[in-house]
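Given the structure is predicted, the values throughout are model-derived calculations rather than measurements. For reference, positions follow the sequence shown, starting with 1.
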Amino acid sequence: MDVIWFPNPPYALNEKGIPAGFEIDLWRMIAESRQIPYRIRKADSFEDLLAAISSNQADLAISGVLINENRSKAFRFSFPTASSDLKIYTVNDEEPTAVKLLRVLLSREVLLIFLGLLLIACIFALPVWMMERHRPDLADKQKRHQLVLILQKTLLLSTDHTKRTKTRLISITSLFARVLLTAYFASYILKAASSEQLTKKQNLIEEINFETLKDTTFAAIPGYIQTSILKSNGAKTIECDVAETCIQLLKTGQADAILDDMLTMQTTLPLMQEAKVSAASEKLMTLFMAFAFSKNFSKDQRALAINDAIARSYYDGTHAKLSRIWLRP
């Protein structure tokens, strides 16, 4: 068999000149178990891979080729080997954590909380200190130490620092004020967290609507279904050969977004440590990948054996084992 491949992590990738990846390992397992002799060669581009399999110059193509109707007219697909979600990715322009923290600290709610603490100290802690400072266990301490102790006990929801009935009643009253202040603080934190999550969700694109994306320039790999989707809807595209190059275009500002499958991006992004790229859309559609058979080879008995082996890999544990290695973030 004449097998052709092109790097498209995690399905096929180049490890120091040696083909590797999920579909490569799956193919090697099939070829070994079915005793299928083969030679494998690397295509110069993804478009060359599609051209070779469409013109019967190769029997089988490995590169996480997406299944679609137009391609099925030029060549045949095997049983699906994997699935992933199509999403739009953009540079993550979120504010640094330090800036977010500063905004929270300067917010009106936090200022009110500090004001509440100050009022509790003035209304409750100071009167308690004035009444309790002459106690034998406090008399030998300096005034500032006495005051700090009373403040500490007051602000830490404690009432065990009072000895007299009047101060104990003041401390118990302050306890209710402190509980209310704590509840207000907790509700503010929950509201801020839920608000941020809601904002993120609202900013996510829920469907491919190119009326709203007409001014967006996408980094796109020629020959990919994603690129065809973009071009058919009139979107602007800049060509890139692999996902890593597309992400680089995004980082440098030459492109505004990438339309790609989740598994490819999850595999590539960790290799680019400074790439602050994240999904800017919900799942737009589910994609299915497969081996590509030339029309001539699809009639061969070995093609049936390969399909049977792919199907068998789903229930004999092979597919799950390879998925744990290659298809997990």
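How far CG of N307 is from CD1 of I30: 8.5 Å, rounded to the nearest 0.5 Å. Separation of atoms CG (D85) and CG (D261) is listed at 8.5 Å; rounding is to 0.5 Å. Expressed to the nearest 0.5 Å, how far CG of N70 lies from CD1 of I225 amounts to 7.0 Å. Atom CE of M289 and atom OG of S78 lie 12.5 Å apart (nearest 0.5 Å). Rounding to the nearest 0.5 angstrom, the gap separating the CG atom in L86 from the CG atom in L284 is 5.0 Å. Between the CZ atom of F293 and the CZ atom of R76 there is a distance of 11.5 Å, given to the nearest 0.5 Å.
Here the side chains of Y11 and S84 are in contact, with some heavy-atom distance below 4.5 Å. Here the side chains of K231 and F218 are not in contact, with every heavy-atom distance at 4.5 Å or above. In this structure, the side chains of W326 and T267 stay at 4.5 Å or more apart for every pair of heavy atoms. Contact annotation: the side chain of L60 approaches that of W27 to within less than 4.5 Å [non-hydrogen atoms, C-beta and beyond]. Contact annotation: the side chain of F291 approaches that of I310 to within less than 4.5 Å [non-hydrogen atoms, C-beta and beyond]. Between P7 and W5 there is a side-chain heavy-atom pair separated by less than 4.5 Å. Taking the side chain as every heavy atom from C-beta outward, S313 and L26 approach each other to under 4.5 Å. For the pair M262 and Y89, the minimum side-chain heavy-atom distance is below 4.5 Å.
Shortest non-hydrogen contact noted between I18 and N14 is N-OD1, 3.4 Å. Across R28 and P19, no two heavy atoms sit closer than the pair NH2-O, 2.8 Å. Minimum heavy-atom separation, C240 to P222: O-CD, 3.4 Å. Across every non-hydrogen atom of M285 and I229, the tightest pair is CE-CD1, 4.3 Å. I221 and A243 make their closest contact through CD1-N, 3.8 Å (heavy atoms, listed as atom of the first residue, atom of the second, distance). Shortest non-hydrogen contact noted between I67 and P80 is CD1-CG, 4.1 Å.
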Residue pair D300, M1: steps toward the side chain to side chain contact (heavy atoms under 4.5 Å, CB included) verdict: CA-CA 11 Å; D300 195 295; M1 280 185 60; over 6 Å; no

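Relative ring orientation between H319 and Y314 is described as parallel, the plane-to-plane angle staying below 30° on a 0-90° scale split at 30° and 60°.
Cluster membership for F75 and L304, using ILVMFWY side-chain heavy atoms within less than 4.5 angstrom, is not shared. The cluster map of Ile, Leu, Val, Met, Phe, Trp and Tyr, joined by side-chain heavy atoms under 4.5 Å apart, puts M29 and V3 in the same cluster. Cluster annotation: L50 is not connected to I40 through the hydrophobic network of ILVMFWY side chains, with a link wherever side-chain heavy atoms come within less than 4.5 Å. Connection of F6 to F297 is not established within any shared hydrophobic cluster, with ILVMFWY side chains joined at heavy-atom distances below 4.5 Å, either directly or through further cluster members. Under the 4.5 Å side-chain heavy-atom criterion for grouping Ile, Leu, Val, Met, Phe, Trp and Tyr, I62 is connected to L322 within one hydrophobic cluster.
The closest donor-acceptor contact from the side chain of R34 to the backbone of I306 lies at 3.5 Å or more, if one exists at all. Proximity of a side-chain donor or acceptor of E23 to a complementary backbone N or O of G64 within less than 3.5 Å is detected. Judged by distance alone, with hydrogens and angles left aside, the side-chain atoms of N8 form a donor-acceptor pair with the main-chain N or O of S63 at under 3.5 Å. Looking only at distances, no side-chain donor or acceptor of S54 sits under 3.5 Å from a matching main-chain atom of A51. Side chain of N56 to backbone of N296: a donor-acceptor contact under 3.5 angstrom is found. For the pair S294 (side chain) and I53 (backbone), a donor-acceptor distance under 3.5 Å is absent. In terms of modelled atom types and a separation under 3.5 Å, the side chain of T227 and the main chain of G223 share no donor-acceptor contact.
No salt bridge links D256 with K236; every basic N to acidic carboxylate O contact stays at or beyond 4.0 Å.
Paired with I258 under the rule side-chain contact (heavy atoms from CB on, under 4.5 Å), one option of I247, L249, T90 passes, and it is I247.
The stretch residues 36-56 participates, sequence neighbours left out, in these salt bridge (charged side-chain N to carboxylate O under 4.0 Å, His left out) pairs: D2-R41.
Taking the six-membered ring where the residue is Trp, the centroids of F79 and F77 are separated by 6.0 Å or more.
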